[in-house]
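Sequence lines set the chain letters: A, B, ... in the order given, protein chains first and strands last, and positions in each chain run from 1.
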Amino acid sequence: MTEITDQEAIRRVLAGEREVFGVLVGRHRDRGFRYAMHLLGNAEDAEDALQESFLRAFRSLRRCRDPERFQSWFFRILVNRCRTSGGRRKVRGERETALVVDPPASTATSPTADDLAWRESIREALGRLPVDQREAFLLRHVEGVGYEEMRALTGTGVSALKMRVKRACDMLREQLRDMDHAD
Amino acid sequence: MPTEFDNLDPRLERMIASLREASGPGPGFDARVMARVRAAGSPPTGWRWLLAPVTLRVRPVAVLATAALVALAVIGTMLMREGATTATVATAPAAPTSVVRFVIAAPGAVRVNLVGGFNDWDAEATPLVASADRGVWTVEVPLPAGRHEYAFVVDGREWRPDPAAPESVDGEYGAPNSVVTVVGSS
């Protein structure tokens, strides 16, 4: 099947080809899960939030006024959904596997003990951030969203967002340093 | 391009790289989403959108409490300032705009802002003022006659529709908005 753009997919879904929405799901699923997983701290809540966001996007598809920017429009739905998610749990202590990259079938290499320890450390550090700082940090540095777009996604001013990112970086740096000293 | 606020160092950069490696959702995710999409039917288009039901989930106690507070605000306003209007009962004097009072109960909030088309959905343009016990937040906004969508943003994070609003719609980004209609003078 020839790859179609988001804009074409939206046009076809609104024209009645409901199954074409699966193209949008497949294309934006991983990035959405990554963000939701790191923000909410567990895979179950992340999948729920992501699934609800896709469903909301489908129902509101007519209101996507700039189909070429579906990703940003969908991400705003996801950010809002994650904020209202009622199943947030502390990251510390959770046995999650979101940071383990599934190995391709041809090269089954397992992460080392150091890799697992490192991933547990960063997951713990991320979980200690206040949720607004965690949100800003993930959007800015993991998802690569610019501050103006973050403003549109979150409804928060740029100055406030920059301060949240700075404080998040300062806190993470300190925690990672403490973890190094503790080893 | 890092800004002056980013201050990345090798540890943070390594952390960010690891976070970017995260895998996707479990197997069968796409199928579960599409099953719900099929069950949802076709997305509302054209005039059918007007008939699509909108569901708001609110706690009944919050509705009752906010409705009571709005009623008190309306009564208080009518007693104190003749001609004033509220977000739920809006009548316009002869002037082209009406002052509309927006009220929401948000105990424990640090700040509450009003967003809507009238302030370009700017979450910092229209802050509400808290009552003495910081349980009730209020702001008055002059609005021209017509239909206005709006919502509250609590603590810069939570998008909250007005539980006492008589009408709500799905917003452009999926979150629900409330609607107030300012009646123009005939």
Side-chain angles (χ1 to χ4, degrees), chain A residues 13-14 16 18-19 21-22 25-26 29-30 33-34 37-38 43 46-47 50-51 53-63 65 73 76-77 80 83-84 97-102 118-119 122 125-126 131-132 138 140-142 154-157 160 162-163 165-166 169-170 172-173 176-177, chain B residues 1-27 29-34 36-46 48-49 52 57 113 115 121-125 151 153 155-160 169-175:
Chain A
V13 171
L14 292 177
R18 188 175 48 197
E19 294 300 315
F21 191 76
V25 174
R29 164 231 308 142
D30 287 351
F33 179 78
R34 179 176 68 192
M37 173 67 210
H38 292 322
E47 281 207 19
L50 186 62
Q51 197 175 124
S53 298
F54 274 122
L55 195 59
R56 170 71 78 172
F58 174 75
R59 289 173 174 158
S60 306
L61 204 57
R62 185 195 61 80
R63 288 176 169 265
R65 296 185 182 163
W73 178 80
R76 179 159 180 175
I77 295 174
N80 280 332
R83 285 176 164 187
T84 58
T97 59
L99 291 181
V100 176
V101 177
D102 294 333
W118 165 246
R119 289 169 182 173
I122 64 175
L126 194 62
V131 66
D132 57 348
L138 290 173
R140 178 75 184 99
H141 286 302
V142 179
T154 64
T156 301
K162 286 183 175 180
M163 285 311 300
V165 171
K166 180 185 184 306
C169 290
D170 290 344
L172 287 170
R173 194 179 304 109
L176 292 175
R177 190 165 46 234
Chain B
M1 180 73 70
T3 71
E4 58 186 325
F5 293 100
D6 290 345
N7 275 336
L8 297 181
D9 64 13
R11 279 194 200 88
L12 271 182
E13 289 179 350
R14 186 185 170 204
M15 176 180 181
I16 290 167
S18 295
L19 290 172
R20 286 178 180 161
E21 289 176 354
S23 61
F29 176 82
D30 291 12
R32 289 193 292 277
V33 171
M34 290 308 297
R36 296 188 65 184
V37 164
R38 291 180 198 106
S42 299
T45 57
R48 287 189 296 160
W49 167 76
R57 291 182 184 173
N113 292 74
V115 293
W121 300 96
D122 185 340
E124 294 180 349
V153 177
D155 290 340
R157 297 179 50 248
E158 180 188 350
W159 187 281
R160 194 183 294 184
V169 294
D170 277 345
E172 183 171 341
Y173 298 99

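When each of A:Leu172, A:Val13, A:Asp132, A:Leu61 is scored by its heavy-atom pairs under 4.5 Å with chain B, the top score falls to A:Leu172.
For the side-chain hydrogen bond (donor to acceptor under 3.5 Å, both in side chains) test, residues two or more places apart in sequence or in another chain that qualify with A:Arg29 are B:Asp30. Scored by the salt bridge (charged side-chain N to carboxylate O under 4.0 Å, His left out) test, B:Arg160 finds B:Glu158 as partners (sequence neighbours excluded).
Contact annotation for A:Thr154: only backbone heavy atoms (N, CA, C, O) come within less than 4.5 Å of a heavy atom of chain B. Both the backbone and the side chain of A:Phe21 come within contact range of chain B, each with at least one heavy atom under 4.5 Å from a heavy atom of that chain. The contact between B:Met15 and chain A is made by backbone and side chain atoms together, counting heavy-atom distances below 4.5 Å.
In this structure, B:Arg38 pairs ionically with A:Glu19, as a charged nitrogen and a carboxylate oxygen lie closer than 4.0 Å.
Side-chain contact between B:Phe29 and A:Glu47 is present, with at least one heavy-atom pair separated by less than 4.5 Å.
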